[in-house]
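Here's the structure, in structure tokens; my notes come after.
Quick note on labels: first sequence line is chain A, next is B, and so on, each numbered from 1.
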Number of protein chains: 2
Amino acid sequence: MGESGLSAGKPTIDDVAALSGVARATVSRVLNGGPNVREEVRQRVLKAVDKLQYKVNMQARFLAGGKTQVLGLIYASDLDSEPNSFYHSGLELGALRACALVGFQLLMHTVNQHSLSKTSKILELVDARRCDGLILTPPFSDDCDLLQELEARNCPVVCISPGLAAQKMASGVGIDDEVAGYEMARYMLQLGHKDFGFIKGLEGHLSAEERFSGFLRALAEAGIAESDVIVARGNFTFRSGVETTAAMLSHAKRPSALICANDDMAVGALFSAHKIGLQIPQDLSIVGFDDTPVSEIIWPPLTTVNQPLKAIGYRAVEMIVERIKAGKTASGPLPLRFDVVPHKVVMRESASPPQG
Amino acid sequence: MGESGLSAGKPTIDDVAALSGVARATVSRVLNGGPNVREEVRQRVLKAVDKLQYKVNMQARFLAGGKTQVLGLIYASDLDSEPNSFYHSGLELGALRACALVGFQLLMHTVNQHSLSKTSKILELVDARRCDGLILTPPFSDDCDLLQELEARNCPVVCISPGLAAQKMASGVGIDDEVAGYEMARYMLQLGHKDFGFIKGLEGHLSAEERFSGFLRALAEAGIAESDVIVARGNFTFRSGVETTAAMLSHAKRPSALICANDDMAVGALFSAHKIGLQIPQDLSIVGFDDTPVSEIIWPPLTTVNQPLKAIGYRAVEMIVERIKAGKTASGPLPLRFDVVPHKVVMRESASPPQG
DNA sequence: CCGACAATTGGTAGCGCTTTCAATATTGCC
DNA sequence: GGCAATATTGAAAGCGCTACCAATTGTCGG
């Protein structure tokens, strides 16, 4: 009953060629916008494509072409570490948006960062030709061994918020955490604070360390030594914020400003402070980093620094596609670069001048 | 300098065949765990694979085999609707975990649910042979037109929380929202509440509607008519929660219990109530749905119902892989099914007996 | 020791598309 | 009008792997 006696199943390029009376190669040309095709022929082919409802089989196209048009986005999954779902979602959304624009697909992949086979799990993706490039999020964006292996395979990579060492091995995108820490400290200093508390995050988490050193730099400029600030270490969770803050506030010398390495801990701090009857921000200013959704929902709304996650994810895709294309034209490898996207201190109500 | 004079570039199956002195087909057999290979030969091939660091090119394997071992996870992205990042992250994490186990990859894809081409955008994924099956999240899991197209293409699909109509067209996973609403209402009733307020979500959002009807059913059983409850409609956001609540509380007859269709709005309600000096839960009990991270961080911690997102995502992958395999063995299509995973009312501190 | 039958292994035709490379058709210019 | 240069089109060689089928080898029972 069909229009023509073509083979069953999905139409292939040959079906289109047959129907439009040209060679397979010609169909391929019009499909790929190649030059040198008479307009009349192009139309004929297009009509056949339309009539047959033909769709190229990417699987085949890429086998022939040696590419996949797929980008891998790698992120860590330990325990059920929900804490970062906000972070990853943001990056992913941005990446997805950019992908849609440039015609790539996004393959998600979680890897247990403590697994011994973490590196091979990731390499497998590129060795098996499942993707053309990788976007690495922390902590993988700092894994120099991994980066080296990827480099050896000539696989385009873009790191999200890589550390200094990693920045020398691959391109990256992120905010300038040191400056963010610096600015936040400046803001608090300017409010009049002199007694600081700082809750650090997990050891080895580079962004957080950077924020801390930026913070220290601002303090140093204001003549405050590191030894004058009460620092504690949490693990980025709400609970750890609650606990470290409770301990810190029972201290003889209570700070007037408490800076937390991320919002979840800041919210925990808020919770702890409320519990012992402190008024925020009158009795204690508390600020965080990240601008998670909670931070503006909590009472009082949290002063924090916003990191444009979607923009970062978006930019990462742009950068990697650029590298992939460059690799194709073989016009020499693109120089490494690190794009810093602007962060923003968002002032809400959890910080005010001391004893305000 | 290499071990043997093999071709440059990535080793192919032929290189392995050559090195181990067997035919390509035999290598393929050992690679795929095929039967009928002498142990001695198998070892020889394996050794060659190892020596060459050979990795199968999935691209090629799947072209030949007609599959991709890739699952597409579709979700909506309107505006910058962050609200659901928690929801999607949970599903994704669960799906990813299951994928790792069954050897599939997860391709993420966002589609603007209001776009005219939304259906074709999704179909393109399967038409272009980029994935073997699709996991649809709301609202796509309710799009019967889409489901029909997919059905026509014989593409395995699993819907997350589909509505009744969709359940008749494809398999699905989710909690029983109606029962969840019913249970929550029962709980509040049992606490002694008689005056209810309900903030609904966006029109047409099935899960939310179901929750509402379950709620109504419990009330009816207790002799309370729908007309006795003050209902308002929000759009699932924090902001809409604060606004609708503000309006509702200025009402002459103020409810003693306020049920919100999701946590974000409940948190907004909490915010609004606090603002006008109400004590929660003494003056007003407020509950939500979803058990988002915020709900246990807020003060007072929110009573809500937990939906095991990761388990749902995980199950969705299991189901779809099952269908894909069934399709392969062509032992007749698998019967449709809807798996309900258990939800849980989590009682925290935002609800108590009235005037408690 | 021989034919029947099962266990192995090799040969090879695709999967559906891109990409030279050669063949043919046009066009421009003296 | 004739020849080189240019625009079009077709033929065929893969991309790397799977799967079907034929060929080869080995194993038994009589």
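Note: CD (B/Gln59) to C1' (C/dT18) measures 13 Å, nearest angstrom. Residue A/Arg42 contributes atom CZ, which lies 10 Å from atom P of D/dT8 at whole-angstrom precision. Rounding to whole angstrom units, CG of residue B/Asp14 and P of D/dC17 are separated by 7 Å. Going from atom CD of B/Gln69 over to atom P of D/dT18 covers 12 Å, rounded to whole Å. Rounded to a whole Å, the CD atom of B/Glu40 is 19 Å from the P atom of C/dA7. Taking atom CG on B/Asn36 and atom P on D/dC21, their separation rounds to 16 Å, with Å as the unit. Straight-line distance from the NZ atom of B/Lys10 to the P atom of D/dG14: 22 Å, rounded to whole Å. Going from atom CZ of A/Arg130 over to atom P of D/dC17 covers 14 Å, rounded to whole Å.
Taking a 6.0 Å sphere around NZ of B/Lys55, one finds it holds more than 12 heavy atoms contributed by other residues, nucleotides or ligands. Surrounding CD of B/Gln43 are more than 12 heavy atoms belonging to other residues, nucleotides or ligands, all under 6.0 Å away.
Comparing D/dG16, C/dC17, D/dT9 by their nearest atom to the side chain of A/Arg24 picks out C/dC17. Proximity note for A/Ala25 (side chain, C-beta onward) versus C/dT9, C/dG14, D/dA11: the nearest is D/dA11. Distances were taken from every side-chain heavy atom of A/Leu63 (C-beta onward) to each of D/dG16, C/dT9, C/dT18; the shortest belongs to D/dG16. If you check D/dT9, D/dT18, C/dT18 against the side chain of B/Asn32, the one that comes closest is D/dT18. Candidate nucleotides C/dG11, C/dT9, C/dG16 were compared by shortest atom distance to the side chain of A/Ala60, and C/dG16 ranks first. Comparing D/dG16, C/dT18, D/dT9 by their nearest atom to the side chain of A/Ser28 picks out C/dT18. For B/Thr26, whose side chain is taken as the heavy atoms from C-beta onward, the closest listed nucleotide among D/dT9, C/dT9, C/dC17 is C/dT9.
Between A/Asp339 and A/Arg337 there is a salt bridge, since at least one side-chain N of the basic residue sits less than 4.0 Å from a carboxylate O of the acidic one.
A donor and an acceptor atom sit less than 3.5 Å apart, one in the side chain of A/Arg29 and one in the base of D/dG10.
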Yes or no on side-chain hydrogen bond (donor to acceptor under 3.5 Å, both in side chains) for A/Arg323 and A/Ser171, after CA distance, side-chain angles and deciding distance?
CA-CA 10 Å; A/Arg323 301 191 89 71; A/Ser171 284; 3.0 Å; yes
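When all heavy atoms of B/Gly172 and B/Val158 are compared, the pair lying nearest together is CA-CG1, 4.2 Å.
Using a 4.0 Å heavy-atom cutoff across all strands shown, B/Val27 reaches no nucleic acid atom at all.
OP1 and OP2 of C/dG16 both lie 4.0 Å or more from every side-chain N or O belonging to A/Arg61. Regarding contacts with the backbone of C/dT8, every side-chain N or O of B/Arg38 stays at 4.0 angstrom or more from both OP1 and OP2.
Take the nearest nucleotide of DNA chain C for B/Pro35 and for A/Asn57: the residue whose nucleotide is more 5' is B/Pro35. The 5' end of DNA chain C is approached more closely, in terms of each residue's nearest nucleotide, by B/Val41 than by the other of A/Leu31 and B/Val41.
The side chain to side chain contact (heavy atoms under 4.5 Å, CB included) test with B/Val30 singles out one residue from B/Val41, B/Val22, B/Leu46, B/Val16, and that residue is B/Leu46.
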